[in-house]
Amino acid sequence: ADSGPIAEVSEARYRRVIDVNQLGVYMGMQAILPSMRRAGGGSIINTSSTAGMVGYAGMSAYVASKWAVRGMTKSAALEFCADNIRVNSIHPGLIATELTNGISVSPNQPIPRAGKPEEVAALVAFGGDDCGQRIDPFTGFDGVRVISGRAEQVVGLCRHGLSPSL
């Protein structure tokens with residue numbers, strides 16, 4: 001990720017990371033929404049990162065952009081649910097690509113290896129398929145918990161066009 005310590009990252013560098021990682025997701029959702037509404041629904045799966053769940057020193061721009069993706073996803077899920085559009089985010093750790101060559105796996109990572117792009121692709125395919133319909137932003141990919149069936153209540157409200165207060 002094109003990031004670094006806060007004291008060393010220029011505004012231009014910071015904005016580049018935000019534009020690609022955060023604004024790109026926002027614009028993607030805006031662009032696809034009319035087609036999904038016309039189609040009667042669908043599934044949007046945004047890619048965040050473990051950096052969207054915890055902070056990493058020296059990566060403030062990247063971390064900020066991935067937290068933003070997580071938050072936008074939750075807001076979009078509530079906005080789009082009345083249109084039968086599911087919105088979730090996934091939060092992979094280090095994935096082995098040309099971009100990540102030379103980056104070592106964190107010793108705190110539960111699986112002590114970099115993930116493979118095809119593993120992420122399989123997760124996205126599952127979430128976007130009809131099998132993934134029971135995954136919602138309150139039980140879904142980013143591990144938000146279900147408390148006393150609250151997620152079922154929220155999904156039920158959305159299906160009836162009502163806006164839940166969370």
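Here, residue 1 is the first one in the sequence, and each next residue gets the next number. Any value given below was found using the heavy atoms of this structure, including those in side chains, with hydrogens, waters and symmetry copies removed.
Annotation: side chain of Val17 is not in contact with side chain of Arg13 (no heavy-atom distance under 4.5 Å). Residues Ile18 and Leu23 form no side-chain contact, since every pair of their non-hydrogen atoms from C-beta on lies 4.5 Å or further apart. With a 4.5 Å cut-off on side-chain heavy atoms, Asp83 and Met36 do not count as touching.
Side-chain N or O atoms of Asn84 include one that pairs as donor or acceptor with a backbone N or O of Gly40 at under 3.5 Å. Checking side-chain atoms of Glu119 against main-chain N and O of Lys116 turns up a donor-acceptor pair under 3.5 Å. Distance alone, capped at 3.5 Å, places no donor-acceptor pair between the Ser89 side chain and the Arg70 backbone. Without hydrogens or angle criteria, Ser49 side chain to Gly52 main chain gives no donor-acceptor distance under 3.5 Å.
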- Please lay out, stage by stage, how Val87 and Ile85 fare under the test side-chain contact (heavy atoms from CB on, under 4.5 Å). CA-CA 6 Å; Val87 186; Ile85 300 170; 4.2 Å; yes

Before giving the answer on side-chain contact (heavy atoms from CB on, under 4.5 Å), spell out for Gln22 and Met72 the whole-Å C-alpha distance, their side-chain angles and the decisive distance to 0.1 Å.
-> CA-CA 9 Å; Gln22 178 182 344; Met72 284 190 304; 3.9 Å; yes

Practice task
Carefully, step by step, assess Met29 and Asn46 under the rule side-chain contact (heavy atoms from CB on, under 4.5 Å).
Solution key: CA-CA 9 Å; Met29 288 191 294; Asn46 294 322; 3.4 Å; yes

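Note on Trp67: it does not cluster hydrophobically with Ile6, by side-chain heavy-atom contacts below 4.5 Å among ILVMFWY residues. Cluster membership for Val20 and Tyr56, using ILVMFWY side-chain heavy atoms within less than 4.5 angstrom, is not shared. Both Ile44 and Met27 are assigned to one and the same hydrophobic cluster, defined by single-linkage of ILVMFWY side chains at heavy-atom distances under 4.5 Å.
Shortest non-hydrogen contact noted between Pro92 and Ser48 is CD-O, 4.0 Å. For the pair Val63 and Ala51, the tightest heavy-atom approach, listed with the atom from each and the gap, is CG1-O, 3.5 Å. The two residues Tyr62 and Asn21 have their closest heavy-atom pair at CD1-ND2, 3.5 Å.
One finds the CG atom of Leu33 at 9.5 Å from the CZ atom of Arg38 (value rounded to the nearest 0.5 Å). The CZ atom of Arg86 sits 13.5 Å away from atom OG1 of Thr73, with the distance rounded to the nearest 0.5 Å. Rounded to the nearest 0.5 Å, atoms CD1 (Ile90) and OG1 (Thr47) are 4.0 Å apart. Of the inter-residue distances, the one linking Arg15 atom CZ with Ser65 atom OG reads 14.0 Å to the nearest 0.5 angstrom.
Dense packing is recorded around CD of Glu118, with more than 12 heavy atoms of other residues, nucleotides or ligands lying under 6.0 Å away.
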